[in-house]
Amino acid sequence: MKIVIATDSDYEYIRDHDHHILQSLILPKIYGHEIYLLRNEEDINIGWMRFGYFWDNTPFMNMIWVDEQYRSKGVGKQVVLFWEDEMQKKGFKLVMTSTLANENAQHFYRSLGYQDAGCLILENEPLEIILTKKIV
């Protein structure tokens, strides 16, 4: 698997597949190098990872998506570790993410060393678990 920073040419793929981001925010995230694409051996997109900054100073992983046939094969773990390494190179000492309490992703993040740091309660939504990890 290859992990690459998204470019302008990836806009349509992201627009068509990532339904959790406003279309108007895709290009700014691409230009900010805040979207990674996951590609298989044939250089075909098999997923993506998107992040931003919590309080404008702490890297926050917003979304990982891996196509169904590539799940449970270490792809998600590989992109998270890649992202953590990139954030460490930029001088960050802490990263964050979140997941809904009714999703299995919380166990995935905890297995990678993320720890519960709080939660967010929104009306008519499951509990959102906030997780952090020191990367020093």
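As the structure is a prediction and not an experimental result, all values here were calculated from the model.
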Which residues pass the salt bridge (Lys or Arg N to Asp or Glu O under 4.0 Å) test with Lys89, sequence neighbours left out?
Asp85, Glu86

Between Thr99 and Leu131 the two heavy atoms that sit nearest each other are CG2-CD1, 4.0 Å

Search all heavy atoms of Ala6 against all heavy atoms of Leu37 and return the closest pair with its distance.
CB-CG, 4.2 Å

Please examine the side chains of Leu27 and Tyr11, heavy atoms only from C-beta on, and report whether any two atoms are closer than 4.5 Å.
yes

How many angstroms lie between atom OH of Tyr31 and atom CD1 of Ile26, to the nearest 0.5 angstrom?
11.5 Å

hydrophobic_cluster_shared for Trp65 and Val4, side chain cutoff 4.5 Å
yes

Could you pull out all residues at least two apart from His19 that satisfy side chain to side chain contact (heavy atoms under 4.5 Å, CB included)?
none

How would you list, by chain and number, every residue that makes a side chain to side chain contact (heavy atoms under 4.5 Å, CB included) with Lys90, sequence neighbours excluded?
Tyr53, Met87, Phe92

Side-chain (Thr97) to main-chain (Met61) donor-acceptor, under 3.5 angstrom
yes

By side-chain hydrogen bond (donor to acceptor under 3.5 Å, both in side chains), Asn62 pairs with (sequence neighbours left out) none

Under the side-chain hydrogen bond (donor to acceptor under 3.5 Å, both in side chains) test, which residues partner Tyr13, sequence neighbours left out?
none

Going by the rule side-chain hydrogen bond (donor to acceptor under 3.5 Å, both in side chains), which residues pair with Trp48 if we only count those two or more places apart in sequence or in a different chain?
Asp18

Holding to side-chain hydrogen bond (donor to acceptor under 3.5 Å, both in side chains), I want the full list of residues that pass it with Glu68, two or more places apart in sequence or in another chain.
Arg71

Test item: Phe51 and Ile35 side chains (from C-beta on) under 4.5 Å apart, heavy atoms:
no

Is the Phe82-Tyr36 ring centre distance short of 6.0 angstrom?
yes

Between NE2 of His20 and CG of Leu25, what distance do you get to the nearest 0.5 Å?
14.5 Å

Under 4.5 Å between side-chain heavy atoms, counting indirect links through other Ile/Leu/Val/Met/Phe/Trp/Tyr residues: same cluster for Trp83 and Phe108 or not?
yes

Write down the atom of Ser98, the atom of Ile130, and the distance for their closest heavy-atom approach.
CB-CD1, 3.9 Å

Looking at Glu41 and Met1, what are the two nearest heavy atoms and their distance?
OE2-N, 3.9 Å

Going by heavy atoms in the side chains, are Leu94 and Ile135 under 4.5 Å from each other?
no

From CA spacing to verdict: side chain to side chain contact (heavy atoms under 4.5 Å, CB included), Lys29, Arg50
CA-CA 8 Å; Lys29 302 258 321 141; Arg50 175 171 42 81; 3.8 Å; yes

Separation between CZ of Arg39 and CG of Asn45, rounded to the nearest 0.5 Å:
4.5 Å

How would you list, by chain and number, every residue that makes a side chain to side chain contact (heavy atoms under 4.5 Å, CB included) with Leu100, sequence neighbours excluded?
Asn102, Glu103, Pro126, Glu128

For Val75 and Leu38, what are the C-alpha separation, side-chain angles and deciding distance, and is it a side chain to side chain contact (heavy atoms under 4.5 Å, CB included)?
CA-CA 8 Å; Val75 173; Leu38 316 176; 3.8 Å; yes

Do Ile30 and Asp8 touch side chain to side chain, with heavy atoms closer than 4.5 Å?
yes

Heavy-atom closest pair (Ile129 atom, Ala101 atom, distance to 0.1 Å) is CD1-CA, 3.8 Å

Applying ring-ring contact (aromatic ring centres under 6.0 Å, His included) as the test, list every pair that has at least one member in residues 117-136; sequence neighbours left out.
none

The reported gap from OH in Tyr114 to CG in Asp116 (rounded to nearest 0.5 angstrom) is 13.0 Å

With no hydrogens and no angle check, just 3.5 Å: does a side-chain donor-acceptor pair link Tyr109 and Gln115?
no

Sequence neighbours excluded, which residues qualify as salt bridge (Lys or Arg N to Asp or Glu O under 4.0 Å) partners of Lys2?
Asp43

Hydrophobic cluster identity match, Val95 and Ile3, side-chain contacts under 4.5 Å
yes

Should Val66 and Ile14 be regarded as members of a common hydrophobic cluster, given that ILVMFWY residues are connected when their side-chain heavy atoms come within less than 4.5 Å of each other, either directly or indirectly?
no

Answer yes or no: does atom CD1 of Ile121 have more than 12 heavy-atom neighbours from other residues, nucleotides or ligands under 6.0 Å?
no

Distance (rounded to the nearest 0.5 Å) between Glu34 CD and Ile21 CD1
9.0 Å

Restricting to salt bridge (Lys or Arg N to Asp or Glu O under 4.0 Å), what partner residues turn up for Asp67, sequence neighbours left out?
none

Return the minimal non-hydrogen interatomic distance between Ile5 and Asp10, and the atom names on each side.
O-OD2, 4.3 Å

With sequence neighbours excluded, tell me which residues meet side chain to side chain contact (heavy atoms under 4.5 Å, CB included) with Asn40.
Glu42, Ile44, Ile46, Tyr70

Residue among Lys77, Lys93, Lys133 satisfying salt bridge (Lys or Arg N to Asp or Glu O under 4.0 Å) with Glu84:
Lys133

